[in-house]
A.B. asks: 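Take a look at this one; I'll ask things after.
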Amino acid sequence: MESVTATQPTSLGELLAQRHSSRAFLDKPVPDDVLESIFRRAQLSPSSCNSQPWHVYLTKDAGTRRLAAALSEHVLSSEGPEPDIDLNPKFLGVHLDRKRACGMALYASLGIERTDYAARQAQMHKNFTFFGAPHALIVTSEKLLGPAAILDTGGYVATLSLLAQQHGIGSVLQGAVSLYASFLHTYFGIPDSEAVVASIALGYEDNEHPVNLFRTERAGITEVVRTFDH
Ligand SMILES: Cc1cc2nc3c(=O)[nH]c(=O)nc-3n(C[C@H](O)[C@H](O)[C@H](O)COP(=O)(O)O)c2cc1C
């Protein structure tokens, strides 16, 4: 296993505390051996019956810029999203509150007013250019293996983002991109047997950009864990 420099976090606790969604990146590609190391170790993620149902379509540098230009144009000119899986959750109650709080923190970090719909849309559209990241990862899962495979793939992408963090590399998961699954199938030649589950923008974070400076909050464990002793 590769050595980890002193400036990089070494414990899982530190990694979890440091990881956050990055939405502005430096124009600096991630070396191939680092990408390889991340993918190799992400393969250690558990999956249902060890089926390992995930696939990754990776772009680099100019390839990412070409994808970004094509996707961005497609989103502006298409009739709307064509996802492989229903990614349209019904946010209600506390979940709606959390969604609003995270959106408000994002827009406040950029000085965008709540009522400034055009600026919010422009920021949202940056998803489709991968926020300027040098790498895009389109993650798919085997359709025949159903929801269990989607769960497995979720674990895989979470592990991958922590491994990236260990190398000082930022990332953000992008449900917004997965909504355009049909375009991605054509662009990459993704077979119909795979469902687009996630997209990840990945690269060295611009850690001075205001959009990367806010942090989201988490519920306390008493809201999550219900302990039974009978
Ligand atoms: C399934 C999923 C989809 C997401 N989609 C987007 C997205 O389309 N655009 C975006 O900027 N962030 C997206 N995020 C990032 C979440 O907003 C972020 O993880 C959450 O607010 C917690 O913040 P943190 O990652 O900084 O801890 C997504 C995260 C997940 C897990």
Side-chain angles (χ1 to χ4, degrees), residues 9 12-25 42 45 54 56 64 67-68 71-72 74-75 80-91 94-110 112 119-133 135-141 147 149-166 168-181 183-184 195-203 205-207 209-221 223-224:
L12 181 58
E14 278 176 280
L15 282 174
L16 285 161
Q18 290 192 1
R19 191 219 55 84
H20 56 271
S21 294
S22 303
R23 296 184 180 89
F25 295 87
S45 306
W54 46 76
V56 179
T64 307
L67 169 64
L71 175 61
S72 172
H74 171 79
V75 170
E82 288 180 285
D84 279 342
I85 49 180
D86 184 4
L87 292 166
N88 206 6
K90 306 275 175 287
F91 288 100
V94 69
H95 304 113
L96 183 60
D97 295 343
R98 291 172 189 163
K99 176 180 187 279
R100 284 189 175 137
C102 122
M104 275 165 62
L106 168 67
Y107 294 122
S109 76
L110 293 163
I112 297 174
R120 289 170 67 135
Q121 274 298 102
Q123 175 59 28
M124 161 68 184
H125 193 78
K126 287 185 182 173
N127 273 292
F128 306 116
T129 52
F130 303 96
F131 300 107
H135 302 284
L137 285 67
I138 307 301
V139 185
T140 68
S141 132
I150 296 172
L151 189 65
D152 296 339
T153 305
Y156 171 79
V157 298
T159 302
L160 199 129
S161 71
L162 288 173
L163 288 166
Q165 183 67 46
Q166 192 180 31
I169 295 163
S171 63
V172 61
L173 219 72
Q174 301 177 284
V177 172
S178 317
L179 288 174
Y180 292 88
F183 167 87
L184 297 165
V196 175
V197 171
S199 162
I200 305 171
L202 183 140
E205 178 186 76
D206 177 352
N207 56 20
H209 195 292
V211 80
N212 288 333
L213 300 181
F214 79 93
R215 295 292 177 267
T216 48
E217 294 185 354
R218 295 295 187 271
I221 61 165
E223 288 183 61
V224 178

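In this chain, numbering begins with 1 at the start of the sequence shown. We count ligands from 1, going down the list as the structure has it; atoms in each ligand are counted the same way. Note that the coordinates shown come from a computational prediction; the quantities given were computed from them, not determined experimentally.
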A.B. asks: Show me which atoms of ligand 1 lie under 4.0 Å from any heavy atom of His20.
C.D. replies: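 So the answer, numbered in order with elements, is 26 (O).
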A.B. asks: Taking 4.0 angstrom as the limit and counting only heavy atoms of Gln174, give me the atoms of ligand 1 inside it, by number and element.
C.D. replies: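 Near Gln174, the atoms of ligand 1 are 5 (N), 6 (C), 7 (C), 8 (O).
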A.B. asks: Heavy-atom contacts with Cys102 under 4.0 Å: which atoms of ligand 1 show up? List them by number with element.
C.D. replies: 21 (O)
A.B. asks: Please round to the nearest 0.5 Å and tell me the distance separating atom CG of Leu71 and atom OG1 of Thr64.
C.D. replies: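 Between Leu71 CG and Thr64 OG1, I get 12.0 Å after rounding to 0.5 Å.
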A.B. asks: Would you say Val177 has any N or O atom under 3.5 Å from an N or O of ligand 1, going by distance alone?
C.D. replies: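 No, no N or O pair falls under 3.5 Å.
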A.B. asks: So Phe131 and Gln123, do their side chains get closer than 4.5 Å, heavy atoms only?
C.D. replies: yes
A.B. asks: Could you pull out the closest heavy-atom pair between Ile169 and Gly203, with the gap in Å?
C.D. replies: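 Where Ile169 meets Gly203 most closely, the heavy atoms are CG2-O, 3.5 Å.
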A.B. asks: Identify, by atom number and element, the atoms of ligand 1 in contact range of Arg19, meaning under 4.0 Å from any of its heavy atoms.
C.D. replies: 24 (P), 25 (O), 27 (O)
A.B. asks: Heavy-atom contacts with Thr216 under 4.0 Å: which atoms of ligand 1 show up? List them by number with element.
C.D. replies: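 So the answer, numbered in order with elements, is 21 (O), 22 (C), 23 (O), 24 (P), 26 (O), 27 (O).
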A.B. asks: Give me the atom names and distance for the closest heavy-atom approach of Glu223 to Arg98.
C.D. replies: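 Glu223 and Arg98 have their closest heavy atoms at OE1-NH2, 3.4 Å.
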A.B. asks: Could you check atom 28 (C) of ligand 1 against the protein and tell me its nearest heavy-atom contact, residue, atom and distance included?
C.D. replies: Leu173 O, 3.3 Å
A.B. asks: Heavy-atom distances under 4.0 Å are what count here, so tell me which part of Gln123 touches ligand 1: side chain, backbone, both or neither.
C.D. replies: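 Neither; nothing of Gln123 gets under 4.0 Å from ligand 1.
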A.B. asks: Could you tell me if the side chain of Leu67 sits less than 4.5 Å from the side chain of Phe130, heavy atoms only?
C.D. replies: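 Touching, per the 4.5 Å side-chain cut-off.
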A.B. asks: Considering only heavy atoms of Arg23, which atoms of ligand 1 have at least one such atom less than 4.0 Å away?
C.D. replies: 10 (C), 11 (O), 12 (N), 15 (C), 16 (C), 17 (O)
A.B. asks: Does the protein place a non-hydrogen atom closer than 4.0 angstrom to atom 20 (C) of ligand 1?
C.D. replies: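 For atom 20 (C) of ligand 1 the answer is no, since every protein heavy atom stays at 4.0 Å or beyond.
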A.B. asks: Would you say Phe128 and Val75 make side-chain contact, with heavy atoms under 4.5 Å?
C.D. replies: yes
A.B. asks: List the atom of Cys102, the atom of Phe214, and the distance in Å for their closest heavy-atom pair.
C.D. replies: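 Answer, listing the atom of Cys102 first, then Phe214: O-CE1, 4.4 Å.
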A.B. asks: Could you pull out the closest heavy-atom pair between Leu160 and Leu202, with the gap in Å?
C.D. replies: CD2-CD1, 4.3 Å
A.B. asks: I need the nearest protein heavy-atom contact for atom 18 (C) of ligand 1: residue, atom name and distance, please.
C.D. replies: Ser21 OG, 3.5 Å
A.B. asks: Can you list the atoms of ligand 1 that are under 4.0 Å from a heavy atom of Asn127?
C.D. replies: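 Checking each atom against Asn127, I get 7 (C), 8 (O), 9 (N), 10 (C), 11 (O).
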A.B. asks: Number the atoms of ligand 1 from 1 as they appear, then name those within less than 4.0 Å of a heavy atom of Phe131, with their elements.
C.D. replies: 11 (O)
A.B. asks: Heavy atom under 4.0 Å from ligand 1: found in Leu106's side chain, backbone, both, or neither?
C.D. replies: neither
